[in-house]
Structure formats: C-alpha cells, structure tokens
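Side chains included, hydrogens not; waters and symmetry mates left out as well; all remaining heavy atoms used. Quantities reported herein were computed from a predicted structural model and do not represent experimental measurements. Convention: sequence-line order gives letters A, B, ...; per-chain numbering from 1.
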2 protein chains.
Amino acid sequence: MQVKSVRRSNPERTAEMRARLVAKARRLFVTHGYAATSTPSIVEAAGVTRGALYHHFADKQAIFRAVVEAESEAVAAAIAAADTPGLSARARLLAGAKAYVLAMQAQGRTRLLLIEGPAVLGRDTIREIEGRNGDASLKTGLEEAIAEGTLPRLPIEALTSLLSAMFERAAIDVAEGEPTDNVLAVIAQVLRGLATSEQKA
Amino acid sequence: MQVKSVRRSNPERTAEMRARLVAKARRLFVTHGYAATSTPSIVEAAGVTRGALYHHFADKQAIFRAVVEAESEAVAAAIAAADTPGLSARARLLAGAKAYVLAMQAQGRTRLLLIEGPAVLGRDTIREIEGRNGDASLKTGLEEAIAEGTLPRLPIEALTSLLSAMFERAAIDVAEGEPTDNVLAVIAQVLRGLATSEQKA
DNA sequence: ACTTGCATGCAGGCTGCCTGTTTGTTAAAT
DNA sequence: ATTTAACAAACAGGCAGCCTGCATGCAAGT
C-alpha cells in the first residue's frame, strides 16, 4: 500500500482518505455490527492509524453516520431514477415502493439504515438523514392522491409513517429471503384497498 | 440499604436479586440506551457489586435480554386481557391492534422492544421472544379472516409481517406524540380496505 | 524564486473506562 | 461437616477519545 504516493493536493487527500475510511468501515459495520466494530479494526483495514480516523471524524458515531448518509443517498438516487411521472398517483406510489424495496437489497443496506441506524444514531437523526429523501416524497405523493380523490382523507403524518413502516419491513423481509412478489402483492392490495374503500363505514 | 437483612432462603434471594437488577437495569437502559449503560452503573443502582450481576447473568446482553423478555410478557398479558372473542375477525384484529398500541405506551417500551432490542439482540432473537406472543396471534387472526372470506388470499407470512410493522410504527408514533386516534384511523382504514377490495383488480 | 510562518494530514502514545474472568469469603443446603 | 450457592473484590485485556509531535502542503512577503 501507499507505494505510489503521487503528488496530491490536500483537498484530494482529504476526499480520498475519507472515502477510503468510509468504505472500509461500511464493510465492517455491515458484517459485525456497530458495537462489534472497533476503530482499530477500521484503520487497520484502511492501512492507516487511528490518528487519521480521528482527524477526519469527531468520534466513532461520526464515521458511522457518514456511512449511513452515503447509503441513504444511494437509495434516494435509485428511487429517483426509477420514478415514472405521468402515472396515476396510486400507480406511482406502488412503483415507488417497488423501487425502494429493490434499492434496499444492496448488501447490508437494511441493517445499516433500518436496524442499527435508528439504534445508534437515534430515530430523530435517522429521520433527519432519510427524511428529506424518502418520506418527503412519499408524503407528497400521498397528498396528491388525497387531493385527486383517489385516497380518503386520513391524517397525513400517520398515514405516511405507517405506510413507510410497511415499505421498510417489506425491504427487510425480502432481504431475509421472502419473495419480492409476496410483499409487493400485500403492498399493492393495501394501496388498492385504501383507495377503493370510502371513508367511514 | 440492606439494613433489614432478613433470613431468606436461597431461591428467594435469587428471585429478589434478579428482579432488583432487572428493574434497575431497565430504568438505565430506557434512559441512556444499551451502549451508554455500564454494568457498574447498574450494580450501583442496585446497591451490589458486579460480582452479583455476573453471578446471575452470563453477560451484559443477558440482563438486557431479561429486561426485554419481561417487557414482552407484560405486553402480551395486556393484549390477552383486552381480547374480546365473539367479534368478527376484522373487528378482533382492530381491537388487538388498539390494545397493542396502548400497551406499548408504557415508559420506554417502544425503545426497548422496537428500537434497541432488534439492534442489540438481533432480529432473530427478538422474534423468538416476541414471536411466540404477538405475531403468532396476529397470524392466526389473519388466517381466520382469510378462511372466513373477509380477507383476500394473500401470502400469510408477508401479510403478517407488514401489518405488524404497521402496528409497531403506530406504537412508536403515539409514544412520540402522534394522537392515538390518528394512527388508529389509518389502521382501521387499511384493515377495512383489505377486507372489502376483492383480490385482483 | 526563496524563505518564513501557519495550517493541514496523520502517527503514536497515554488515560480512563468497561467488560468478562477468576479468586476469595460468607451463608445456606444436605 | 461438606458441599454448593450467593456475592465481593481484584485482575486482565481491549477500546474510545485526547494530546503531542512530525511532516507535508500552502500562502504571503521580499
């Protein structure tokens, strides 16, 4: 390692070192979990010392957060790429859910974003990271559906939260072996049921 | 403390000490989280030394697991007490969901069972602890509803998992301030929608 | 162009804490 | 009277965060 030692400007060094540490840390966090991943093991994998890590990150949580943020952005990008405007609100919701579940199948993604993330960083922080991506678009999608009358008037915050919880569990279940078609069938049915049934019975 | 020092048989001592340690640990786990709760702080709160703790529990995870198990049993008991047989399958499901959400409002319960539990003990272990209670009865309830034709034929595992994920998020949202009526309205609508809409559209 | 001075990137060691283990002591059970 | 359970207390690693020191990049003055 470090054989080349090319001339690099400081901004380049910083970016490369941070990316290197985040990549190595990601693998360890995914395979062993946050608590069982020591900072010595991270820097050993990156071929540097703990001095480097603590120069770029305030503490162990900070590098974990960097890993989670990168992961969240990757998911958001995949969903945005799969978005198909022009469809009905309900169809777009279903397509978005499918894209989300598929995007979450990258190795370790459910563990990072859905299991350890909330426990290590706290639900508020995770929402701050993911919220501006995932839930926000889901919420607007639901609002549109309500506005165009294809969805009954329901408390938007609760509706968004409960549906996103369903999507998240769907991603976990698929990652654990449940056939994608099964969870998508349930999601489709729930969305269809929400749309068809009229408010009060 | 320890002023009385009454004559106690060993089984009594064991039961009392375990209960005492679990109770003190519970408070600390709830307020500071698992990682930030040290075994010295637990035994200090209980007025003993770490020798006592490690005599009764194999490791730190073991006492956390004891806390989680006690919590899970309390939830199961509350739900069982609220069960009202004789209703339609769908009404029982809704009543069960409401009982679950209410039972989960005990201080720190969502954090223990839904946030830290899966991260610390792993999803498999949590399912082993909770599974025999919560999801099992939900699954049979759903199967009954499908059998009696009030619910469409859907993959039972996926359906159970996604609905329980919704209920869990509902409990978290209520614990974080969302009005109970809001989340219950969404749950009711989802259950109603599932029931009314016929299989394929 | 050169050097002077500061900032940045990183290495290595130090401290305090924590977890799990082991050894020792007291009280109960047989 | 032994044996065993309940606890205390000391011990042995390991880890997180901090701090100091060195080397390299960078900017400004001359």
Review point. Between B:L28 (CG) and C:dC18 (P), how many Å, whole number?
Key: 12 Å
Practice item. For B:I42 and C:dG20, give me the distance from atom CD1 to atom C1', rounded to whole Å. Key: 14 Å
Review point. Quick one: A:E12 CD to D:dT24 P, roughly how many Å, whole number?
Key: 18 Å
Review point. Quick one: do A:E176 and B:R127 make a salt bridge, cutoff under 4.0 Å?
Key: yes
Identify each atom pair where a protein N or O and an N or O of nucleotides 16-18 of chain D are less than 3.5 Å apart, giving names and distance.
unit_1: D:dA16; atom_1: OP1; unit_2: A:T39; atom_2: N; d: 3.4
unit_1: D:dA16; atom_1: OP1; unit_2: A:K60; atom_2: NZ; d: 3.4
unit_1: D:dA16; atom_1: OP2; unit_2: A:T39; atom_2: N; d: 3.1
unit_1: D:dA16; atom_1: OP2; unit_2: A:T39; atom_2: OG1; d: 2.5
unit_1: D:dA16; atom_1: N7; unit_2: A:R50; atom_2: NH2; d: 3.4
unit_1: D:dG17; atom_1: OP2; unit_2: A:Y54; atom_2: OH; d: 2.6
unit_1: D:dG17; atom_1: OP2; unit_2: A:K60; atom_2: N; d: 3.1
unit_1: D:dG17; atom_1: N7; unit_2: A:R50; atom_2: NH2; d: 2.5
unit_1: D:dG17; atom_1: O6; unit_2: A:R50; atom_2: NH1; d: 2.8

Point to revise | Distance test, side-chain N/O of B:H55 to OP1/OP2 of D:dA6, below 4.0 Å | key: yes
Practice item. Please state how far atom CZ in A:R13 lies from atom P in C:dA7, giving the value in whole angstrom units. Key: 17 Å
Review point. Rounded to whole angstrom units, what separation is found between the CE atom of A:M17 and the P atom of D:dG25?
Key: 14 Å
Review point. Looking at A:E44 and A:K24, does any basic side-chain N land under 4.0 Å from a carboxylate oxygen?
Key: no
Point to revise | Protein-nucleotide distance (B:E44, atom CD; D:dA8, atom C1'), rounded to Å | key: 16 Å
Exercise for review: Take atom CZ of A:R27 as the centre, draw a 6.0 Å sphere, and report whether it contains more than 12 heavy atoms from other residues, nucleotides or ligands.
Suggested key: no
**Study point:** Value in whole Å for how far the P atom of C:dT19 lies from CD1 of B:I63
**Key:** 11 Å
**Study point:** Between C1' of D:dC7 and CG of B:L21, the distance in whole Å
**Key:** 11 Å
Study note, to complete from the structure: Exactly one candidate in B:I172, B:V186, B:D173 meets side chain to side chain contact (heavy atoms under 4.5 Å, CB included) with A:S161; the answer is B:D173
Exercise for review: Determine whether B:T39 and B:Y54 make a side-chain contact, defined as any pair of heavy atoms from C-beta on separated by less than 4.5 Å.
Suggested key: yes
Review point. Between A:R65 and A:E128, is there a salt bridge with N-O shorter than 4.0 Å?
Key: yes
Review point. Is the shortest side-chain N/O distance from B:H56 to OP1 or OP2 of D:dA6 below 4.0 Å?
Key: no
